[in-house]
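See structure below.
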Amino acid sequence: DMKVTQMPRYLIKRMGENVLLECGQDMSHETMYWYRQDPGLGLQLIYISYDVDSNSEGDIPKGYRVSRKKREHFSLILDSAKTNQTSVYFCASRDRVYEQYFGPGTRLTVL
Amino acid sequence: GDSVTQTEGLVTLTEGLPVMLNCTYQTIYSNPFLFWYVQHLNESPRLLLKSFTDNKRTEHQGFHATLHKSSSSFHLQKSSAQLSDSALYYCALSASGYNKLTFGKGTVLLVSP
């Protein structure tokens, strides 16, 4: 069964703290994504990773960075989190026929 | 850049009535891939259907859509709404290189008895 996992599922941080969101997939997909979802704005692309150490900015990369050291694992890092980064974050991976599989999401609150 | 415009906001329907959610897109590329994703409450988005072929109807789970390149449209339809269809629906476009999905802002469909 194809699966994308995300950890943690819920996270509360204070402004200025660092945040690490982790994503894993067991499908050997090359391409992975990080999105954030906000009411009225839909899904916005933060970063794309084409494979290990091959990452590209999406539409809203400011304030975020990513790391992909293994194909099955993709991390999103917020250095010094801001209150406007409160959101639901989804990781996804893409198969060879262009379908994206989404993880369960991480609900991040920055106080 | 690429963009997707959907029926915005909330669509409310009575069970049994037909569903039509509009989606139009803009891209400079001639062979776009169009998708509908559905997200039920407290779940993650999942693919509902997709199409690459002009003027060919695509069906899945009672929903259907036809990509019309002439009008840059990919409307989602269903003949009879069910309570379980209540969800957030996203239309999405993939064009250059097919690595990136551009999502519309989403339409909430609420089906009532």
Side-chain angles (χ1 to χ4, degrees), chain A residues 1-7 9-10 21 23-25 27 29-51 54-61 66 68 74 87-108, chain B residues 1-11 21-25 27 29 31-53 58 60-61 67 74 87-110:
Chain A
D1 194 22
M2 301 186 207
K3 198 171 182 181
V4 178
T5 59
Q6 290 186 238
M7 291 291 290
R9 295 293 313 278
Y10 301 90
L21 304 184
C23 175
Q25 50 103 356
M27 300 168 277
H29 290 164
E30 293 176 353
T31 309
M32 297 184 72
Y33 308 82
W34 277 106
Y35 296 92
R36 64 178 284 177
Q37 183 179 42
D38 301 286
L41 296 179
L43 287 159
Q44 299 178 86
L45 179 64
I46 306 172
Y47 266 94
I48 304 175
S49 176
Y50 299 105
D51 210 333
S54 180
N55 306 316
S56 181
E57 294 181 346
D59 298 321
I60 54 162
V66 292
R68 192 162 178 206
F74 189 33
S87 187
V88 179
Y89 290 86
F90 286 102
C91 174
S93 69
R94 197 207 77 181
D95 68 13
R96 290 174 182 259
V97 290
Y98 310 111
E99 177 175 351
Q100 290 195 18
Y101 297 84
F102 286 81
T106 295
R107 187 173 295 273
L108 172 67
Chain B
D2 296 342
S3 66
V4 174
T5 303
Q6 295 183 233
T7 303
E8 285 201 12
L10 175 66
V11 172
L21 302 183
N22 288 337
C23 173
T24 57
Y25 64 90
T27 181
Y29 299 96
N31 293 306
F33 226 128
L34 272 293
F35 303 79
W36 278 100
Y37 279 80
V38 59
Q39 184 179 15
H40 287 93
L41 191 61
N42 295 324
E43 295 183 6
S44 54
R46 63 174 176 82
L47 181 67
L48 181 58
L49 43 78
K50 64 184 179 185
S51 183
F52 182 78
T53 307
T58 299
H60 187 60
Q61 296 185 337
L67 175 59
F74 191 57
L88 173 59
Y89 291 82
Y90 285 109
C91 183
L93 162 71
S94 189
S96 171
Y98 306 120
N99 280 316
K100 179 183 171 183
L101 267 184
T102 298
F103 286 88
K105 293 186 176 180
T107 304
V108 175
L109 176 65
L110 187 60

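Quick note: numbers below take in every heavy atom, side chains included, and nothing from hydrogens, waters or symmetry partners. By convention in this document, chain letters (A, B, ...) are assigned in the order of the sequence lines, proteins followed by strands, and residues within each chain are numbered from 1.
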Should [X] and [Y] count as side-chain neighbours, where that means a heavy-atom distance under 4.5 Å?
X: A:Q100; Y: B:L47; result: no
X: B:K50; Y: A:V97; result: yes
X: B:F35; Y: A:Y98; result: yes

Where [X] and [Y] come nearest, the two heavy atoms and their spacing:
X: B:K100; Y: A:D59; result: NZ-OD1, 2.7 Å
X: A:G103; Y: B:S44; result: O-CB, 2.9 Å
X: B:Q39; Y: A:F90; result: NE2-CZ, 3.5 Å

Handout entry: Nearest-0.5 Å distance, CD of residue A:E99 to CZ of residue B:R46
Key = 10.0 Å
Practice task
Report the distance from atom CZ of A:R107 to atom CG of B:N42, rounding to the nearest 0.5 Å.
Solution key: 7.0 Å
Practice task
Check each atom of A:V88 against the heavy atoms of chain B and say whether the ones under 4.5 Å are side chain, backbone, both or neither.
Solution key: neither
Completion exercise
If one checks every heavy atom of A:Y101 against chain B at 4.5 Å, the contacting part turns out to be neither
Could you tell me which portion of [X] (side chain, backbone, both or neither) has an atom closer than 4.5 angstrom to a non-hydrogen atom of chain A?
X: B:L88; result: side chain
X: B:Y37; result: side chain
X: B:Q6; result: neither

Practice task
Indicate whether any N or O donor in one side chain lies under 3.5 Å from an N or O acceptor in the other, for A:Q37 and B:Y90.
Solution key: yes
